[in-house]
Each structure stands twice: as C-alpha cells, then as structure tokens.
Chemist: 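The following block contains the structure, expressed as structure tokens.
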Amino acid sequence: AAVTTEFENVPADTLDYLAKFIPVHPAASAVAVCQNRIAEKSFLADNGLPHGPFAVIRSEDDVRDADAGLFPAVLKVARFGYDGKGQARVASHDEAIAAFQHFKGEPCVLEKMLTLDCEVSVVLARDEAGTVRCFAAGENRHRNGILDVTIAPAQTSAELRDEARQIAECIAEKLGYVGTLGVEFFVCGGELFVNEMAPRPHNSGHHTIDACDASQYEQQVRALCGLPLATPRQHSAAVMVNLLGEL
C-alpha cells in the first residue's frame with residue numbers, strides 16, 4: 001500500500017519509480033541527499049547549517065589541492081559507508097592519497113577531524129503538512145566507529161538540546177522530509193556541527209520503544225499512512241545499548 005525505508009542505501013531511483021504508483025515516504029529526493037556524503041555536505045553548506053570543514057575528493061589532484069588545515073582528517077567514501085566502514089583517518093596529503101587509492105578512487109569527502117566534547121542525535125518525525133514532532137536529543141558513545149550506548153535525554157544543557165532540535169527541524173523542512181529522520185551532531189567547544197542525516201528510524205532512537213509513549217516506529221507508520229503524528233512524551237530516562245551480531 002505504501003513504501004518507506006529502513007536503510008539509506010536503497011537506490012533513490014527505485015523509490016522514484018515506485019512513487020509513480022504508490023505513496024513513498026521519505027521521497028527519493030531526500031534519500032538521495034542523505035545517502036551521498038558529497039550531496040549531504042553540500043546541502044548543509046548551501047543551507048547555512050553548521051558543519052565541519054571538508055573538501056570534495058574525486059581525484060588524487062583534489063587531495064593534493066586540499067587545504068593543509070584540514071589535517072588530521074577522516075577520508076570517507078561518498079556512498080555505502082556506515083558504522084565506520086569506508087573511512088580512514090589520515091594525517092597528511094600522502095596518507096589521504098594512499099587511502100583514496102585503497103578506496104579504489106571512489107568519490108569521497110575529506111573531513112577535518114574535530115575535537116569532540118560528545119556526540120548527540122535528534123530523532124524526529126515530519127508529516128506531509130509540515131508538522132514536526134521531536135524526541136529529546138540523546139547522547140551517543142561509539143566503539144570502533146559503531147554506536148555503542150545512547151543516553152536519553154543527553155547529559156548536556158537544555159539549551160544545547162533545544163538548539164539541536166531546532167537545527168534538525170530546519171533540516172527536515174529544507175529536505176521536504178516525510179517520515180522519521182535521525183540527525184547526528186558533533187559537540188565541539190559547546191558548539192553543534194551536523195555530522196550526518198539518516199533517512200529512517202535511527203539506532204540511537206531504539207529506546208523510544210520502551211521509554212516513550214510513542215516510538216520512532218509508530219511515528220514512521222503514522223507519517224507514511226497520513227495519520228496525525230503523536231506528541232511523544234519520554235516517561236523514563238533511558239540508556240540504550242546497541243547489540244550487533246554475535247554479542
């Protein structure tokens with residue numbers, strides 16, 4: 001009856017094709033931005049949203065021409081990288097060229113490595129009328145590039161959590177997004193920088209199943225079906241541990 005996404009690497013062209021016949025949320029155009037790091041960083045820059053310094057890398061010459069001030073940096077493939085995959089820490093132009101060659105010349109972004117206070121994320125839902133409902137920002141801790149623990153609400157100031165919510169809402173509006181969206185932030189020196197967007201229920205939002213009176217999945221279904229979004233209330237503080245594989 002309708003189609004939504006559980007994983008951002010579903011081809012946008014497939015979603016665009018399906019939209020000719022049945023409702024598809026989020027739209028292919030929004031997924032296309034979120035699934036390509038070059039498109040994602042360009043979207044943030046074009047809309048004046050806070051982001052870390054970066055360079056688009058499509059050739060070895062692009063690496064050589066990159067501002068030396070970007071190093072130390074992380075080279076990330078533009079497509080199909082997640083949970084730390086397709087990423088390499090590089091301290092110099094030479095190391096970045098070697099990593100680019102290791103990635104077989106795939107288009108990449110070179111991102112300046114920021115000194116983090118912590119990482120936070122906001123999970124929200126937006127419907128076709130533009131109504132947005134946000135869950136409280138969570139604080140994320142990673143292990144080996146993979147989310148390990150989320151504390152919700154985040155152990156930051158209420159002002160920072162509110163600022164993260166406002167930026168996430170702005171992103172959803174600019175994307176014309178319908179569905180559940182996760183927005184990840186780096187917190188550096190008390191400032192927020194958008195790291196990436198996930199066009200789906202987010203693993204940092206799994207606690208909403210037990211800690212809130214409406215989960216991120218219920219919101220996804222409501223947005224997909226054209227039902228009114230719930231106004232989610234977090235009735236319990238929560239710590240979510242992300243278990244993967246054979247743990």
Side-chain angles (χ1 to χ4, degrees), residues 7-9 26 30-57 70-90 107-124 134-156 160-172 174-175 177 180-206 216 240 242:
F7 187 53
E8 55 261 47
N9 288 324
V31 174
V33 171
C34 299
Q35 70 184 196
N36 185 302
R37 291 188 192 278
I38 294 174
E40 187 174 57
K41 295 295 183 187
S42 300
F43 166 84
L44 295 173
D46 291 346
N47 287 283
L49 294 159
H51 61 281
F54 74 97
V56 175
I57 305 297
L70 285 175
F71 296 98
V74 183
L75 186 71
K76 301 180 180 179
V77 294
R79 291 292 311 274
F80 304 116
Y82 64 96
D83 284 350
K85 298 178 178 66
Q87 301 185 15
R89 296 188 176 201
V90 292
C108 294
V109 291
L110 184 68
E111 299 179 17
K112 181 177 178 63
M113 196 176 297
L114 301 174
T115 302
L116 304 186
D117 303 338
C118 64
E119 295 185 24
V120 300
S121 59
V122 173
V123 176
L124 62 79
C134 290
F135 294 95
E139 180 178 339
N140 302 323
R141 298 176 184 175
H142 292 75
R143 183 184 295 175
N144 301 323
I146 300 173
L147 180 66
D148 186 32
V149 171
T150 294
I151 301 168
Q155 297 178 306
T156 64
L160 188 136
R161 292 196 299 270
D162 191 55
E163 184 184 355
R165 175 190 59 77
Q166 291 177 33
I167 295 170
E169 288 185 359
C170 180
I171 287 171
K174 297 286 187 185
L175 286 172
Y177 196 89
T180 295
L181 173 73
V183 181
E184 299 176 3
F185 297 88
F186 294 144
V187 183
C188 308
E191 289 187 61
L192 288 165
F193 298 88
V194 179
N195 176 31
E196 60 186 25
M197 296 98 75
R200 53 173 169 80
H202 196 249
N203 47 10
S204 72
H206 292 334
Q216 61 172 349
M240 187 280 297
N242 192 33

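As the structure is a prediction and not an experimental result, all values here were calculated from the model.
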Chemist: To the nearest 0.5 Å, how far apart are CD in Glu196 and CZ in Phe186?
Modeler: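 Spacing of CD (Glu196) from CZ (Phe186) equals 7.5 Å.
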
Chemist: Checking Cys34 now: which residues fulfil side chain to side chain contact (heavy atoms under 4.5 Å, CB included) with it, not counting sequence neighbours?
Modeler: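 Testing Cys34 for side chain to side chain contact (heavy atoms under 4.5 Å, CB included), a comparison that skips the adjacent residues, returns Leu175, Met197, Pro199.
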
Chemist: Within the distance-only criterion (no hydrogens, no angle test), does the side chain of Asp148 pair as donor or acceptor with the backbone N or O of Arg141 below 3.5 angstrom?
Modeler: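 No; judged by distance alone, with no hydrogens or angles, the pair does not exist.
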
Chemist: Is the backbone N or O of Ala136 less than 3.5 Å from a side-chain atom of Arg165, with the two atoms forming a donor-acceptor pair by type?
Modeler: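 Checked: no pair found.
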
Chemist: To the closest 0.5 Å, what do you measure between CG (Leu124) and OH (Tyr177)?
Modeler: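 So the CG of Leu124 and the OH of Tyr177 are separated by 8.5 Å.
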
Chemist: Got Asn242 and Ser204 here, is their nearest side-chain heavy-atom distance under 4.5 Å?
Modeler: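 No, too far: nothing below the 4.5 Å cut-off.
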
Chemist: Quick one: does Lys41's side chain have a donor or acceptor within less than 3.5 Å of a partner on Asn195's backbone?
Modeler: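 Side chain of Lys41 to backbone of Asn195, a donor-acceptor pair under 3.5 Å: yes, one is there.
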
Chemist: Between Arg161 and Thr156 (side chain of the first, backbone of the second, donor and acceptor by atom type, cut-off under 3.5 Å), is there such a pair?
Modeler: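 Side chain of Arg161 to backbone of Thr156, a donor-acceptor pair under 3.5 Å: yes, one is there.
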
Chemist: Going by atom types alone, do Glu184 and His202 pair a side-chain donor with an acceptor below 3.5 Å?
Modeler: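 Yes, His202 and Glu184 have a side-chain donor paired with an acceptor closer than 3.5 Å.
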
Chemist: What closest approach, in Å, do Thr150 and Gly138 show between heavy atoms, and which atom pair accounts for it?
Modeler: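 Looking at all heavy atoms of both residues, the closest pair is CG2-CA, 4.2 Å.
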
Chemist: Using a 3.5 Å cut-off and no angle test, enumerate the donor-acceptor pairs between side-chain atoms of residues 42-49 and protein atoms at least two apart in sequence or in another chain.
Modeler:
unit_1 : atom_1 : unit_2 : atom_2 : d
Ser42  : OG     : Ile38  : O      : 2.8
Asn47  : ND2    : Phe43  : O      : 2.9

Chemist: Of all heavy-atom pairs between Thr180 and Pro201, which one has the smallest distance, and what is that distance?
Modeler: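 Smallest heavy-atom distance, with atoms named: CG2-CA, 3.8 Å.
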
Chemist: Does atom NZ of Lys174 have more than 12 heavy-atom neighbours from other groups under 6.0 Å away?
Modeler: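 Counting neighbours around NZ of Lys174, 12 or fewer heavy atoms of other residues, nucleotides or ligands fall under 6.0 Å, so no.
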
Chemist: Heavy-atom distance under 4.5 Å between the side chains of Val187 and Leu116, does that happen here?
Modeler: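 A side-chain contact under 4.5 Å is absent here.
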
Chemist: Look up atom SG in Cys118 and atom CG in Leu160, then write down how far apart they are to the nearest 0.5 Å.
Modeler: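 Interatomic distance, Cys118 SG to Leu160 CG, rounded to 0.5 Å: 7.0 Å.
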
Chemist: Check whether any side-chain heavy atom of Glu40 sits under 4.5 Å from a side-chain heavy atom of Gln35, and report yes or no.
Modeler: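 Heavy-atom side-chain distance check fails, nothing below 4.5 Å.
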
Chemist: Answer yes or no: is there a side-chain heavy-atom contact under 4.5 Å between Pro26 and Leu181?
Modeler: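 Not touching, per the 4.5 Å side-chain cut-off.
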
Chemist: Between CG of Leu147 and CG of Asn203, what distance do you get to the nearest 0.5 Å?
Modeler: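 It is 5.0 Å, given to the nearest 0.5 Å.
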
Chemist: Compare every heavy atom of Ala168 with every heavy atom of Val183, then report the nearest pair and how far apart it is.
Modeler: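 That would be CG2-CB, 3.9 Å.
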
Chemist: Heavy-atom distance under 4.5 Å between the side chains of Ile167 and Val122, does that happen here?
Modeler: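 Of all side-chain heavy-atom pairs linking Val122 with Ile167, none is under 4.5 Å.
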
Chemist: Can you tell me how far CD of Glu111 sits from CZ of Arg37, rounded to the nearest 0.5 angstrom?
Modeler: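 The distance works out to 6.5 Å.
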
Chemist: SG of Cys188 to CD of Glu119: how many Å apart, nearest 0.5 Å?
Modeler: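 The SG atom of Cys188 sits 8.5 Å away from the CD atom of Glu119.
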
Chemist: Taking all non-hydrogen atoms of both residues, which atom of Val120 and which atom of Asn140 are closest, and how far apart?
Modeler: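 Smallest heavy-atom distance, with atoms named: C-ND2, 3.9 Å.
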
